[in-house]
Each structure stands twice: as C-alpha cells, then as structure tokens.
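In what follows, chains carry the letters A, B, and so on, assigned in the order in which the sequence lines appear, proteins first and then strands, with residues in each chain numbered from 1. None of these values were measured; they are calculated from a predicted model.
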Amino acid sequence: MKQTWFKLICQKEQLQLLGTLNGGQSFRWKFTEAEGDKKWIGVFSDHVWVLKQTDDCILYQVYGSENSEDFYNKLLSNYFQLNLDLKEKFAEWSSKDPIFEKAASQFYGIRILKQDLVENIFSFICSSNNNISRITGMVEKLAKFYGEKICELEDQTYYSFPKIDSLADDKVESVLKKEGFGYRAKYINQSAKIIMQEGGEKWLDDLKKLPYEESKSKLMTLTGIGPKVADCICLMSLGHLGTIPIDTHVYQIARKFYMPHLPKRKTVTAKIYKDIGDHFRELYGPLAGWAHTVLFCADLKKFQTDEN
DNA sequence: AATCGACCTGACGTG
DNA sequence: GTTACCAGGTCGATA
C-alpha cells in the first residue's frame, strides 16, 4: 500500500519539530533517520502521522482514515497551534529578557502542542517523580492495552490513546501494577473512575470551559494530580498559556539565572512554586507558559551543545 | 498553612 | 560487577 504525501505550508522558523516533539511535552513521538531521510512518527487524534520537514513546509502521511488534505491540514494546524505567530512572540520575549534572546537563536520554532485532554491527564499522572524513558514506556503500554489499533507500520503496531471508561475498569489497577506502573497504577484507575462517576465526557467538557484557577482545582480532585501535573494539563490541553508548571528542573534554572535569593531546597514548596510563576508571568506576560517552555527546552541535557 | 518522609520502578547515569 | 541515589511530584501525617 502506497500512502499519499500531503503538504502543509509552514516556515521552519515557525516550527521546529525536534524541540517541539522531543521536548517532553508529548511522549508519543519517535524520530527515525534512515539514509539521511529524517522522519517523525507519532500518534494524535486517533491517527498515525509521519512527518518530514523542509524549509517551508511539513510533508506528511496519515494512517487511520481516508480524508482530504484540507481536513488533515486543519488537524495538524490545530495540534501545533500554527495560528500563533511565533517569530513575533520570540521578538517580544527577547526584548524583555536577554537570557531568552540568547537561547532563542538556537531554539527557534518551539511550540506548545495542543494535546488531547484525556491523554494528557493520564500521561502526566505517569510523569510524577519519574524519568522520561519510563514515562514513554508506560504511555505506550496504556495505548497498547486499552487503546484501539490504528495500523501497522514498519514492523510497529500503533494504538490510539484509550478512552476513560476503559481505564476505569476494575481490573486496570492490578494489570498495570503487574506491568511495572508501581503506585501510579492506582492513581490511573482511580482517576478514571472519578471522572466517570462525576459525569465522564461532561466532566471533561466542563473542564475546558472553566477559568484557569477552577480548572486546576478540579484537576487536583483526581488522584496523582498535584499542582505541577495540573498545570501541565492546563498549559498543554486547556489553552491556559500563561500557566507555568514548576518542576525541580525549572526551579533549578530559576534559582540559577533569575532568582538567586530563592532558598536551596530539594523539593519545590508551595511558596517557591508561586514565587517562580509570578516572576515569569511578570517578565513575559500572558503567554509566559509558552516562553518558559522554550527556556526549559534550551536547558535540557539532550539539546546541550558545546556552544552553551 | 507549611514541612517531612515514604513511595513503585529500573528502557539509565554516576561514583 | 554491585550499591545508592535519582528521576519533569503527590499523598498523608504531623507540631
């Protein structure tokens, strides 16, 4: 079967796939390179996507339905939030912060993905006190055990992210525990049950309509979701782009480069959490969460080069 | 309200 | 080659 290549017009300065797909926002993208042919393969919106980037467009294949290029372009455009002019924002953030300006030249085109709410809730429950490689494996297992098969591609089988009701089944906790999810097995199963009990789809729809503070509180009624994970979901799935999730890494960067007066602690306290968020919102404005993601990405070890 | 220790796991890294 | 601590926090108990 030969799959069509579609094309989405998009300048390279507006979107950098490496920093965006491999920056720890989504755990479902894999980079492959064969004979100089660079591709990203991943899953979102119940489709498998193969992406290639050129200077002025994204070339892509889609598996999972038969639809028009226009239809798929809209899905991609929404996922990458291409309606926002990132060059313009980078100029603005650079003018406000010389540290950002320095990072921006190498880390152009890093976008906040607009990700599926359910996928993000359960992916980020897996993320707490955990490392990226294990989180990735856990998310893959959730899809494999409880999602729908989409297609097979290059010796791999791809699955959609599960619906909440399948994660709410009584057996889920013990299955996941056996699969190495540890104490997060219970959080996943319990949170799914709570969402179902509180109205399922309606609970999720309401979440999307609420203002930031209320969304965050509502998310924190689930198990395994504290302030940081709730903020990740608010930022990446609910469109609250001023939200800044403060993890240990962000705290280290903030203390090192921006707020040397912060006390040295091994965990982020509520006060430190608030102080850091306020500082960056003051600095960058209403899209502070997006700006912070770029900075954080620039400091990730896997993107470090000798120039930094 | 703020602080502290326990917590599953190991696809990894460091000493 | 092992051991110990850590990794994109959260939960429940405690002066």
Compare side-chain N and O positions of A:Ser127 against OP1 and OP2 of C:dG9 and report whether any pair is under 4.0 Å apart. no
Taking the side chain of A:Asn129 as its heavy atoms from C-beta onward, which of B:dC4, B:dC8, C:dG8 lies nearest to it? B:dC8
Do we see a donor-acceptor contact under 3.5 Å between the side chains of A:Arg111 and A:Gln25? no
Between A:Arg265 and A:Ser133, which is nearer to the 5' end of DNA chain B once each is assigned its nearest nucleotide? A:Arg265
Over how many whole Å does the gap from A:Ile253 atom CD1 to C:dG8 atom C1' extend? 11 Å
Taking CD1 from A:Ile233 and P from C:dG9, how many angstroms apart are they, rounded to a whole number? 14 Å
In whole Å, what is the span from the CG atom of A:Asn130 to the C1' atom of C:dA7? 7 Å
Verify the distance criterion only: is there a donor paired with an acceptor across the side chains of A:Asp46 and A:Tyr159 at less than 3.5 Å? no
Would you mind classifying the nucleic acid contact of A:Phe124 as base, sugar-phosphate or nothing, using non-hydrogen atoms under 4.0 angstrom? nothing
Considering just the side-chain nitrogens and oxygens of A:Arg184, establish if one lies under 4.0 Å of OP1 or OP2 belonging to B:dC7. no
A:Lys216 NZ to C:dG9 P, straight-line distance once rounded to whole Å: 14 Å
Taking B:dC7, C:dG8, B:dT9 as options, the one with an atom nearest any side-chain atom of A:Arg134 is B:dT9
Have a look at A:Met138 and say if it touches a base, only the backbone sugar-phosphate, or nothing, with a 4.0 Å heavy-atom cut-off. base
In whole angstrom, give me the gap between the P atoms of B:dG10 and C:dC11. 22 Å
Spacing between A:Asn131 atom CG and C:dG9 atom C1', to the nearest angstrom: 13 Å
To the nearest angstrom, the CD1-P distance between A:Ile276 and C:dG8 comes to 16 Å
Span that lies between the P atom of B:dC4 and that of C:dG8, in whole angstrom: 23 Å
Between C:dG9 and A:Tyr183, counting only base atoms on the nucleotide and side-chain atoms on the residue, is there a donor-acceptor pair under 3.5 Å? yes
Please measure how far the P atom in C:dC5 lies from the corresponding atom in B:dG5, and state the result in whole Å. 14 Å
Please give the distance between the C1' atoms of C:dA13 and B:dA1 as a whole number of Å. 14 Å
Quick one: label A:Ile225 by what it contacts on the DNA or RNA (base, sugar-phosphate, nothing), any heavy atom closer than 4.0 Å. sugar-phosphate
Measure the distance from CD1 on A:Ile194 to C1' on C:dC11 and round it to the nearest whole Å. 13 Å
Annotated structure of DNA chain C as dot-bracket, pair cut-off 3.5 Å, Watson-Crick or G-U only, | for inter-strand, is .....||.||||||.
What is the nucleic acid contact for A:Leu222, judged by heavy atoms within less than 4.0 Å: base, sugar-phosphate only, or nothing? sugar-phosphate
With heavy atoms under 4.0 Å as the rule, sort A:Pro245 into base, sugar-phosphate or nothing. nothing
How long is the line joining CD1 of A:Ile246 and C1' of C:dT10, in whole Å? 17 Å
Less than 4.5 Å apart, side chain to side chain, heavy atoms only: is that true for A:Phe280 and A:Ile276? yes
